[in-house]
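Residue numbers begin at 1 in each chain, while the letters A, B, ... track the order of the sequences.
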Protein chains: 2
Amino acid sequence: MNAVFKAIADPTRRKVLALLRQRSMTAGELSDHFPVSRPTMSAHFAVLREADLIEANKVGTTIFYQLKLSVLEDALLGFSQLFGIGVADHMTTDPTGGARPKATREGADE
Amino acid sequence: MNAVFKAIADPTRRKVLALLRQRSMTAGELSDHFPVSRPTMSAHFAVLREADLIEANKVGTTIFYQLKLSVLEDALLGFSQLFGIGVADHMTTDPTGGARPKATREGADE
DNA sequence: CATCAATTTCGATGATTAGCTAAATAGCGA
DNA sequence: TCGCTATTTAGCTAATCATCGAAATTGATG
């Protein structure tokens, strides 16, 4: 979870995630949205990959990056719950009474 | 919002916020929970203050730090909504249809 | 096989950051 | 005023980070 927070600490990476929310895009296509060099973007992708926030799919010489929303979701959820913040899943007030496949967090930080 | 994400990128600072969730504590009391020097903790407090995540109240020579939950909440909320993640307020599925006092975000990042 | 395109890896650099010790500031009580 | 306590500021170092250009990798195509 630390890796996730480190990853989203950077504005460029947050924007990459936001772009990927809609459709998965190639590394080059993503890079075109930012005023930095390809190698720099590649490094950002590596950080996001390391945090398991995105997934790479190589097709020929092209790499498609895809958002792993559940990982982002779990991190945000876990942290938020530490604070009683309503940051909830798609089902906030859990009507099942606790049959979550996500995880029950209480000290999942660090 | 960038400042908030930078602030919570550090595990020590996240833990400080978590400690502050219950009761407000003095700088020294907070410091006692970590294996680093007072000046280092003071620097962490400064970052959290800078991000407006905590508030300082000086009483004599002692400083009480208090969590500003709403700021954390807004940042988390705003970011999460960018992804359609349910990270919602205390009222997730907004039955009012959009009468929120928090803010309506759509490009609030960066 | 030679070349082109997409992307990453390498190696370097300047900026930021977390950490420390020592010193400064500020309030309080004798 | 002197000394004690709480906290921050100052000055420094080591590590991490974002960035770049050049080179390497990998796959496709003529």
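Of the side-chain N and O atoms in B/Tyr65, none sit less than 4.0 angstrom from OP1 or OP2 of D/dA6. Using a 4.0 Å cut-off, no side-chain N or O of A/His44 falls inside it from OP1 or OP2 of D/dC17.
Per the geometry, CE belonging to B/Met41 stands 17 Å off C1' belonging to D/dT9, to the nearest Å. Residue B/Met25 contributes atom CE, which lies 14 Å from atom P of D/dA6 at whole-angstrom precision. Between B/Phe64 atom CZ and D/dT8 atom P there is a gap of 13 Å when expressed in whole angstrom units.
Note that the first and last nucleotides of DNA chain C, 5' to 3', having any atom under 4.0 angstrom from a heavy atom of chain A are C/dA6 to C/dT9.
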Worksheet item: Does the side-chain contact (heavy atoms from CB on, under 4.5 Å) test come out yes or no for B/Val36 and B/Met41, once each step is laid out?
Response: CA-CA 7 Å; B/Val36 300; B/Met41 289 305 297; 3.4 Å; yes

Item to complete: List the steps, then state whether side-chain contact (heavy atoms from CB on, under 4.5 Å) holds for B/Asp32 with B/Arg38.
Response: CA-CA 9 Å; B/Asp32 288 341; B/Arg38 300 290 166 118; 2.8 Å; yes

Fill in: side-chain contact (heavy atoms from CB on, under 4.5 Å) assessment of B/Val4 paired with B/Phe79
CA-CA 11 Å; B/Val4 171; B/Phe79 183 63; over 6 Å; no

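Of the residues in residues 52-63 of chain A, those placing a heavy atom less than 4.0 Å from an atom of DNA chain C are A/Thr61, A/Thr62, A/Ile63, in numerical order. Listed by residue number, the members of residues 26-40 of chain A with any heavy atom below 4.0 angstrom from DNA chain C are A/Thr26, A/Ala27, A/Gly28, A/Arg38, A/Pro39.
Between B/Lys58 and B/Gly60, the closest heavy-atom pair is CG-O, 3.3 Å. In this structure, A/Leu67 and A/Arg21 approach most closely via the heavy-atom pair CD2-CA, 3.8 Å. The shortest heavy-atom contact between A/Lys6 and B/Ala9 is CE-O, 3.8 Å. Smallest separation of non-hydrogen atoms from B/Glu29 and B/Met25: CG-CE, 3.3 Å.
Atom-to-atom distance recorded for B/Arg14:CZ and A/Asn2:CG is 4.5 Å, nearest 0.5 angstrom.
Not a single side-chain contact (heavy atoms from CB on, under 4.5 Å) links B/Thr61 to another residue, sequence neighbours left out.
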List, one per line, each side-chain donor-acceptor pair under 3.5 Å for residues 43-57 of chain B, sequence neighbours excluded.
unit_1  : atom_1 : unit_2  : atom_2 : d
B/His44 : ND1    : B/Arg13 : NH1    : 3.1
B/Arg49 : NH1    : B/Tyr65 : OH     : 2.4
B/Asp52 : OD1    : B/Lys68 : NZ     : 2.8
B/Asp52 : OD2    : B/Lys68 : NZ     : 3.4

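Within the hydrophobic cluster formed by Ile, Leu, Val, Met, Phe, Trp and Tyr side chains joined at under 4.5 Å, directly or through other members, A/Val59 is accompanied by A/Phe64.
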